[in-house]
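Please read the structure below before turning to the comments.
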Amino acid sequence: MNIPEAPGELPEKGFPHEDILRVLEEKKSGDANWKDGKTWSLVYHLGENHTAFVKRAFGEYFSENALNPMAFRSLKRMESDVVRMTSSFLHGGSGAVGVMTSGGTESCLLAVKTYRDLARAKRPWIRKPEMVVADSVHVAWEKGAKYFDVKPVHVSLDSSFRMDVDAVKKRINRNTVLVVASAPDYPHGMVDPVEEIGAIAAARGIPLHVDSCLGGFLLPFAEMLGYPVPVFDFRVPGVTSISADVHKYGFAAKGASVLVYRNMDYLEHQFFVHGDWPGGVFASPGLLGTRPGGAIAAAWASMMALGKEGYLSNAKTVMETTKKLLDGISAIPGLGPVGAPPGSVFAYKSVKDEKRSPDIYLVGDRLEAKGWHIDRLQKPEALHAMVTPRHAAIAGAFLSDLRDAAGEALASPELAKKGNAAMYGMIARVPLRSVIKGEVLKMMKSMYGKDGTIPG
Ligand SMILES: *Cc1c(COP(=O)(O)O)cnc(C)c1O
């Protein structure tokens with residue numbers, strides 16, 4: 001009996017484990033190839049050994065549920081350890097407290113909720129809470145704003161793609177419940193001027209969250225190695241909380257982020273307690289009910305296995321590889337980096353060379369034709385990379401393919417009117433943004449409709 005390709009209902013009888021596992025292997029074959037470093041996002045791969053070890057740690061706690069810390073005390077202890085260890089390299093100080101969440105998005109959503117509720121408690125006259133964010137802030141904050149009904153007030157970027165400090169000053173008003181800065185931001189990899197923003201926030205008595213989901217497990221170690229990293233953590237007096245994802249540069253299993261507050265005066269507004277449920281008194285620190293124990297155990301295990309030495313050595317590899325890539329990109333006619341990011345995340349775009357410049361989305365298409373999985377930005381039109389240790393071995397091959405791709409794009413510019421390049425170009429350039437939203441919603445409906453059609 002063959003396992004059906006797309007079952008629409010439960011099979012009458014189950015299939016043997018080995019057959020199913022074989023099919024799972026086969027199913028992957030058309031997916032993005034992260035194992036060979038062909039992806040520039042989504043997977044943070046340190047190597048087979050580390051992954052096998054983290055999987056075992058996850059497996060040890062596969063069934064345990066961190067929903068109830070009385071039942072699974074060891075999980076609560078590990079969660080506290082992960083928070084304390086993270087807080088220590090973010091200079092959290094003696095009052096710092098926090099939680100583990102299921103990922104960066106949950107950390108960001110929770111921070112919005114926490115500061116909204118802090119304002120409800122301390123400044124109850126605020127009817128329409130606002131949060132000040134940069135245009136480059138991660139989209140999880142837009143989601144949090146929507147979910148928790150806090151108005152996002154956008155601040156433009158300065159010429160180096162960082163949150164504009166003067167604009168922050170202007171946009172804070174009596175309804176502001178939160179300011180968010182990034183270290184670094186996802187699109188451009190820039191660290192916002194946290195010291196200046198922190199001074200403004202502190203003077204106005206407004207909380208400041210630093211979204212270091214991406215950099216939290218990288219930048220502190222880059223700094224220890226002597227790289228110039230702007231101060232972004234609790235050493236800045238105005239910073240009240242920081243998020244840092246263990247499932248990114250912490251090299252843990254997916255489902256792990258840390259959200260640290262300067263002290264309990266903030267964190268207490270995150271908690272949910274309901275005393276009158278027939279099912280019992282219920283208390284929960286975050287968004288989830290059932291919380292996978294494996295993600296906590298894997299994060300703990302990854303941090304204990306790597307130690308400071310491991311994170312330093314990975315940071316060194318990542319920083320050196322990033323430099324090699326940025327230098328290489330600058331040397332390719334018609335291409336150049338966006339800004340001068342201090343860490344491991346960057347964008348690269350088309351620049352004029354002898355008055356000619358390739359369509360950057362076409363360069364992306366040509367790279368994909370060579371087996372790379374490429375992420376596109378729209379402001380500015382650019383391609384994007386998050387560098388991991390896995391990329392050290394393939395940086396040369398990538399640069400060579402990129403040089404070829406740029407050459408091909410210059411030689412056949414008409415291809416930019418076809419395929420993905422045309423689609424991304426259209427999306428980036430349509431002035432009526434609501435049109436894009438409508439089209440994407442249509443796509444979502446068909447993707448999550450009965451047939452589950454995947455575009456492209
Ligand atoms: C990844 C990321 C997030 C969201 O994290 P997820 O783990 O993808 O939910 C938030 N902020 C920044 C800056 C990120 O890079």
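Quantities reported herein were computed from a predicted structural model and do not represent experimental measurements. Atoms within a ligand are numbered from 1 in the order they appear, just like the ligands themselves.
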I'd like to know if Glu223 pairs up with Arg235 as an ion pair, taking the criterion as any Lys NZ or Arg NE/NH1/NH2 lying under 4.0 Å from an Asp or Glu carboxylate oxygen.
yes
Any chance the side chains of Thr321 and His391 put a donor and an acceptor closer than 3.5 Å?
no
Donor-acceptor contact below 3.5 Å, side chain Asn173 vs main chain Thr176:
yes
Begin with the C-alpha distance, continue with both residues' side-chain angles, and end with the deciding distance and a verdict on side-chain contact (heavy atoms from CB on, under 4.5 Å) for Leu306 and Leu46.
CA-CA 11 Å; Leu306 292 172; Leu46 196 49; 3.7 Å; yes
So which protein residues pack against ligand 1 under 4.0 Å, heavy atoms counted?
Gly103, Gly104, Thr105, Cys108, His138, Pro184, Asp211, Cys213, Leu214, Asp245, His247, Lys248
Classify the angle between the aromatic ring planes of His274 and Phe272 as parallel (below 30°), tilted (30 to 60°) or perpendicular (above 60°).
parallel
Check this for me: does any side-chain nitrogen of one of Glu130 and Arg171 sit under 4.0 Å from a carboxylate oxygen of the other?
no
